[in-house]
Asks: 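Dumping the structure here so I can ask a few things about it.
Positions are given from 1 along the sequence.
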Amino acid sequence: MLPAITESVASTDVDSPRMPLRVLVVADDEEYACRLRQVLLELRSFDACVAIAPASNAGLAALLEGHHDVCFLDGNPGSCPLEISRQAR
């Protein structure tokens with residue numbers, strides 16, 4: 001089970017003045033969330049700060065805070081990505 005929110009940061013260059021892309025992954029599937037985070041952190045074309053939240057009230061709350069540039073919503077059976085996106089609007 002995922003904790004409320006976990007965050008990982010990767011940078012292509014420690015002295016880079018670029019702001020990292022702030023990514024939120026809202027997913028109940030821990031394996032999916034961890035794989036997606038790993039792929040995003042390994043990309044060299046941009047710096048990333050990846051937060052993971054469960055597809056629940058914690059995920060919706062993180063999305064509503066508006067501190068992220070991009071959000072990935074889990075589309076697995078039993079998840080509610082459309083409902084989360086509707087509520088976030």
Side-chain angles (χ1 to χ4, degrees):
M1 184 67 164
L2 290 169
I5 295 180
T6 59
E7 193 163 317
S8 301
V9 179
S11 178
T12 56
D13 180 1
V14 175
D15 297 322
S16 174
R18 297 184 297 183
M19 293 293 294
L21 181 67
R22 299 167 302 173
V23 180
L24 175 63
V25 178
V26 179
D28 282 332
D29 183 338
E30 186 173 359
E31 184 178 341
Y32 162 79
C34 290
R35 282 185 182 175
L36 180 56
R37 173 178 51 197
Q38 192 62 37
V39 167
L40 292 170
L41 294 177
E42 289 176 358
L43 291 174
R44 296 290 179 197
S45 57
F46 60 87
D47 297 341
C49 176
V50 181
I52 297 176
S56 64
N57 291 337
L60 179 59
L63 186 57
L64 291 174
E65 286 175 359
H67 298 298
H68 300 93
D69 301 310
V70 177
C71 178
F72 289 89
L73 297 173
D74 183 356
N76 287 328
S79 67
C80 50
L82 291 177
E83 186 58 33
I84 290 173
S85 64
R86 282 188 196 114
Q87 291 179 18
R89 290 210 244 153

Asks: Which pair of non-hydrogen atoms, one from Pro20 and one from Cys49, has the smallest distance, and what is that distance?
Replies: CB-N, 4.0 Å
Asks: Which residues satisfy the side chain to side chain contact (heavy atoms under 4.5 Å, CB included) test with Val70, sequence neighbours excluded?
Replies: Leu21, Phe72
Asks: Using 0.5 Å steps for rounding, measure from the CZ atom of Arg35 to the CD atom of Glu30.
Replies: 12.0 Å
Asks: Search all heavy atoms of Ala62 against all heavy atoms of Ala53 and return the closest pair with its distance.
Replies: CB-CB, 4.5 Å
Asks: Under a 4.5 Å cut-off applied to non-hydrogen side-chain atoms, are Leu41 and Val39 in contact?
Replies: no
Asks: Measure the spacing between CG of Leu36 and CD1 of Ile52 and express it to the nearest 0.5 Å.
Replies: 7.5 Å
Asks: Please examine the side chains of Leu24 and Leu63, heavy atoms only from C-beta on, and report whether any two atoms are closer than 4.5 Å.
Replies: yes
Asks: Within this structure, what is the CG-CE distance for the pair Asp69 and Met19, rounded to the nearest 0.5 Å?
Replies: 8.5 Å
Asks: For Ala48 and Leu40, work out which heavy atoms get closest and say how close.
Replies: CB-O, 4.1 Å
